[in-house]
Participant: 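What follows is a single structure, and I will ask about it in a moment.
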Number of protein chains: 2
Amino acid sequence: MARGGTRSADDWVDAAYERFDAGGLGAVKVEAVARDLGTTKGSFYWHFADRPALVRAVTVRWEARETDRFIARAERPGGSPQERLARLFSEVAERNRVRDGEAALYREAEAEGVADIVRRVSERRVAYLAELIGALGIEVGEARRRAVASLAMVLGMQQLAHVRYEAHVDEAALTATALAMATSGVVAS
Amino acid sequence: MARGGTRSADDWVDAAYERFDAGGLGAVKVEAVARDLGTTKGSFYWHFADRPALVRAVTVRWEARETDRFIARAERPGGSPQERLARLFSEVAERNRVRDGEAALYREAEAEGVADIVRRVSERRVAYLAELIGALGIEVGEARRRAVASLAMVLGMQQLAHVRYEAHVDEAALTATALAMATSGVVAS
DNA sequence: ACCTGAACACCGTTCAAGT
DNA sequence: ACCTGAACACCGTTCAAGT
């Protein structure tokens, strides 16, 4: 909102979200956001109980957007389950390259008190993956195990990327590996 | 060291390491460690340039211990490569349950400026895994790809555990999955 | 050579006082 | 109803002064 005017809680979340996008939840600082908004941090406490409340609002917004993207992906027509899985993994691999706020989320979730939200998103991802794998004719329990294992591998690759461990495994190999885990099923029951 | 006496840099690292063990690198706070040692934080700056130097010393110590454990494992006689791999993965799965300082390391490494050390440890883990897989008669490039993929999956499961996402996949299943990835080779090249 | 104590910066939080 | 400004706590950092 314009300097000098009055602000809503939403304006605070907008400004905080920009900082989150750039630097993760750790960059969501009351004083800094107040500066961005051209107001004082004292005014922040009119709208929110404390910093954790703001961090939580930002994460909830991230969850909503993540869900939208999920639905958009699922709704998009075209293709066998295999093709959809391939599309999904290749999008994930591509986003892996960008070190944005989301990339930091799993790392920061616990310290910032939003582990529950990240857990919820994880469950959605697993459910969606399991659904696609199930569409290949795989039994439901096995489909879930494969979904968890391939999600875990993708998250692990993200972590290795965080410490800049390249491991000579590129985007294409990551995509192929995740797809192979999902479709050819290496997961023991 | 006893209160009132004089302290060495090592004493500071000892005390800081205890805090790391309990709460990760984030718990390594100059003021708190000074309190533990019964001295003032001002005195800290005689021994160290700043907090990052202390954090780095703690991580270097962690690396040394991690290496020791690695060597101990590798040297331990007995068993085919398969048996050693199984032992390795089951130990990792077991440690996954404990939420200690190490569990937080990958998350915090970048923010704390010790990504290089964690990267080095990752490379050792991959090299060791690749060596065992290579002993199964697998070609060297393929062995490395399998090593990276199985390490990534284990790290990813750790992350999911951090947000307490259980996913109905237990320790035994994790072990079996990692082993299957390493030995039966789902990784596309 | 090693430490204390006071000072400052930065950020989260509270609150009396203003509009 | 919403905000300012000052205050305090906590922690990292510096430094003059002490032993």
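Predicted, not measured: the structure shown is a model, and the values here were computed from it. Chain identifiers are assigned alphabetically (A, B, ...) following the order of the sequence lines, protein sequences preceding nucleic acid strands; residue numbering begins at 1 within each chain.
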Participant: Name the pairing partner of dT14(D), where a pair is Watson-Crick or G-U wobble with both distances under 3.5 Å, or state none.
Facilitator: dA6(C)
Participant: Looking at dC10(D), dT13(C), dT13(D), which one has an atom nearest to any side-chain atom of E31(B)?
Facilitator: dC10(D)
Participant: Could you tell me whether the phosphate oxygens of dT13(C), OP1 or OP2, come under 4.0 Å of any side-chain nitrogen or oxygen in R51(A)?
Facilitator: no
Participant: Has the side chain of K41(A) got a donor or acceptor atom sitting under 3.5 Å from an opposite partner on the base of dG12(C)?
Facilitator: yes
Participant: Under 4.0 Å between a Lys/Arg side-chain N and an Asp/Glu carboxylate O for R56(B) and D50(B)?
Facilitator: no
Participant: Checking the side chain of S43(B) only, and the main-chain atoms of T39(B) only, is there a donor and an acceptor separated by less than 3.5 Å?
Facilitator: no
Participant: Given dT4(C), dC3(D), dC2(C), which nucleotide is nearest the side-chain atoms of T40(B)?
Facilitator: dT4(C)
Participant: Rounded to the nearest Å, what distance is computed from the NZ atom of residue K29(A) to the P atom of nucleotide dG12(D)?
Facilitator: 13 Å
Participant: Measure from CG on D11(A) to P on dC2(D) and round the result to the nearest Å.
Facilitator: 11 Å
Participant: Which base, if any, makes a Watson-Crick or G-U wobble pair with dT19(C), both distances under 3.5 Å?
Facilitator: dA1(D)
Participant: If you check the T6(A) side chain, which of dC11(D), dG12(C), dC2(D) turns out closest?
Facilitator: dC2(D)
Participant: Within this structure, what is the CG-CG distance for the pair L37(B) and D14(B), rounded to the nearest 0.5 Å?
Facilitator: 8.5 Å
Participant: Distance check needed: dC3(D) P versus F48(A) CZ, whole Å only.
Facilitator: 12 Å
Participant: Kindly say if R7(A) contacts the phosphate of dC3(D), meaning a side-chain N or O under 4.0 Å from OP1 or OP2.
Facilitator: yes
Participant: Could you tell me how far apart D50(B) (CG) and dC15(D) (C1') are, to the nearest whole angstrom?
Facilitator: 16 Å
Participant: I need the single residue from L151(A), L136(A), I133(A) that forms a side-chain contact (heavy atoms from CB on, under 4.5 Å) with R146(A). Which is it?
Facilitator: I133(A)
Participant: Could you work out which one of dC3(D), dC11(C), dA1(C) sits closest to the side chain of T39(A)?
Facilitator: dC3(D)
Participant: Let's see if you can work this out: which of dC3(C), dT13(D), dG12(C) has an atom nearest to the side-chain heavy atoms of H47(B)?
Facilitator: dC3(C)
Participant: Let me know the distance between CZ of R19(A) and P of dC11(C), rounded to the nearest Å.
Facilitator: 9 Å
Participant: Could you check how far CH2 of W12(A) sits from P of dG12(C), rounded to whole Å?
Facilitator: 11 Å
Participant: Please check the phosphate of dC10(C) (OP1 and OP2 only) for any side-chain N or O of R35(A) closer than 4.0 Å.
Facilitator: no
Participant: Using 30° and 60° as the class boundaries, would you call the ring planes of W12(A) and F44(A) parallel, tilted or perpendicular?
Facilitator: perpendicular
Participant: Should Y45(A) be listed as having a side-chain N or O under 4.0 Å from OP1 or OP2 of dT14(C)?
Facilitator: no
